[in-house]
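Predicted model, so just to flag it, every value in this text is computed and none were measured. Here is the naming used below: chain letters follow the sequence lines, and residue numbers restart at 1 for every chain.
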Protein chains: 2
Amino acid sequence: MANLKEFKREQILNQGIQLMMMHGYHGTGVKLLLDTVNVPKGSFYSYFESKENFTAEAITHYIEPFITRLQSYLNNSELDGLAAIKTYFESLTQELENSDFKGGCLLGDLMGEIGGVSDVCRQALKTAINQYCTLLEQGLLSAQQQGIVRTDISPATMARLLFDAWQGALLHMKIEQSIIPLQRFTAELLDNYITN
Amino acid sequence: MANLKEFKREQILNQGIQLMMMHGYHGTGVKLLLDTVNVPKGSFYSYFESKENFTAEAITHYIEPFITRLQSYLNNSELDGLAAIKTYFESLTQELENSDFKGGCLLGDLMGEIGGVSDVCRQALKTAINQYCTLLEQGLLSAQQQGIVRTDISPATMARLLFDAWQGALLHMKIEQSIIPLQRFTAELLDNYITN
DNA sequence: CTTTTAAAAGCGACCGGTCGTCTTTTATTC
DNA sequence: GAATAAAAGACGACCGGTCGCTTTTAAAAG
């Protein structure tokens, strides 16, 4: 019973993520979202406190698989720190190409649309980004110790720079409908800039 | 007479830009926008064909002063190509700090929200970005010829990379409410990466 | 130079719908 | 039969867009 509810809850989150990646926060209506997962409109507020809170949860929910995925690459002992990061981003690039550049990144989209307005969502974004960057940091630190990545810049700084540049590349991808911005990110920053 | 209409038109565009930077495309209502500039609702469609078309024009209108501004830095003979670009970005950083990180960049926000949905706006964004990057390119080429910027990467590639990274940094700025991401952009990419 | 008339522009009420939220009713469980 | 949870539907506000009335402007006629 409680499991079914939890399942439905996750369904709403997943569907919300998909819709918001396409149409943004204000462009995604609660009613429409609920219809697609067969949940009555009146039930929404038994799952979530408000649309804003729902979105904050969606952000957290969205980043999870990316964290897991990056982590699994980093834990792969066959890959050094840099190779893990590079493989990770290349797999994302491949996926985006396969899905015809639909969506991009929920974080980037929401940062632009409501990051400056909704405190709740900004906090969720901040936490998500920090988790993500901390993971990148670990990989970069390993790569530094392995002598692959330059040591004159801190992993923390590099991780944030990479994150930002990747977000920008995703936006550019949407506009050009091409993975070239993503490939440029890999070639210039991963292969060139941070490498020893 | 026709001048007054042109003036009003520009007022709507400017106000629309401000509102959209804060609340995005779907978060900005036509009626509310018009009220703030004392234009009757019914008149909107004598100025613009639709909200979508209006937004495309706003994009073009938005980028203009940035183009002019960057151009003036590039034309300043006291500054080499790189110094011009750096000064330009630093002046933007200063401005954003003074305005408490309100808004950020309309291009970035709209790329995320409607770049993948509205063809009209995507085209406007594409053109705007290309103009902007072409200008950056010129500065980078000069700097290359002056021996300040590395020559193993094409100006075109560097310009796009810088643009994307800057957009990402602006998003991050919004979330952190801090100019640190912008300073990181300058320090790591302008001062370090592209420099000889 | 008036006066009359036609065309254009300006404008607010209003269209059908949808928004996020909340209250009320219905169904379920103990 | 009381307590709890779920769903229905209503709420006022607002959405982008349109329609036709009113005012203004310009041209034509006297």
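Comment: A/D191 engages A/K86 in a salt bridge, judged by a side-chain N to carboxylate O separation of less than 4.0 angstrom. For the pair B/D152 and B/R150, the salt-bridge criterion is met [side-chain N within less than 4.0 Å of a carboxylate O]. The pair B/K41-B/D35 does not count as a salt bridge, with every side-chain nitrogen at least 4.0 angstrom from each carboxylate oxygen. Comment: A/D109 engages A/K174 in a salt bridge, judged by a side-chain N to carboxylate O separation of less than 4.0 angstrom.
For the pair B/R9 CZ and C/dG10 P, the computed distance is 13 Å after rounding to whole Å. Going from atom OH of A/Y47 over to atom C1' of C/dG20 covers 18 Å, rounded to whole Å. Rounded to an integer number of Å, the gap from A/F48 CZ to D/dA6 P is 13 Å. Between the C1' atom of D/dA13 and the NZ atom of B/K41 lies a distance of 13 Å, rounded to the nearest Å. C/dT18 atom C1' lies 12 Å from atom CG of A/D35, rounded to whole Å. Taking atom CG on B/L33 and atom P on D/dG17, their separation rounds to 13 Å, with Å as the unit. Straight-line distance from the CG atom of A/L34 to the P atom of D/dG9: 16 Å, rounded to whole Å. At whole-Å resolution of the value, CD in B/E52 and P in D/dG17 are 9 Å apart.
The base of D/dG17 has none of its N or O atoms less than 3.5 Å from a complementary donor or acceptor on the side chain of B/K31.
Ranked by how close their nearest DNA chain D nucleotide is to the 5' end, A/S46 and B/H26 are led by A/S46. Closest-nucleotide positions on DNA chain C for A/G42 and A/L32 were compared, and the one nearer the 5' end corresponds to A/L32.
In this model, the phosphate group of D/dA7 is approached by a side-chain N or O of A/S43 to a distance below 4.0 Å at OP1 or OP2.
Using a 4.0 Å heavy-atom distance criterion, B/Y45 is classed as a base contact.
Between B/F54 and B/F44, the gap from one ring centroid to the other is short of 6.0 Å.
Here the options are A/F89, A/Y132, A/F185, the test is ring-ring contact (aromatic ring centres under 6.0 Å, His included), and the partner is A/F163; only A/Y132 passes. The side chain to side chain contact (heavy atoms under 4.5 Å, CB included) with B/V149 is formed by just one residue from the set B/L141, B/I194, B/T195, B/D80; it is B/I194.
Contacts between residues 10-25 of chain B and DNA chain D, defined by a heavy-atom separation under 4.0 Å, are absent.
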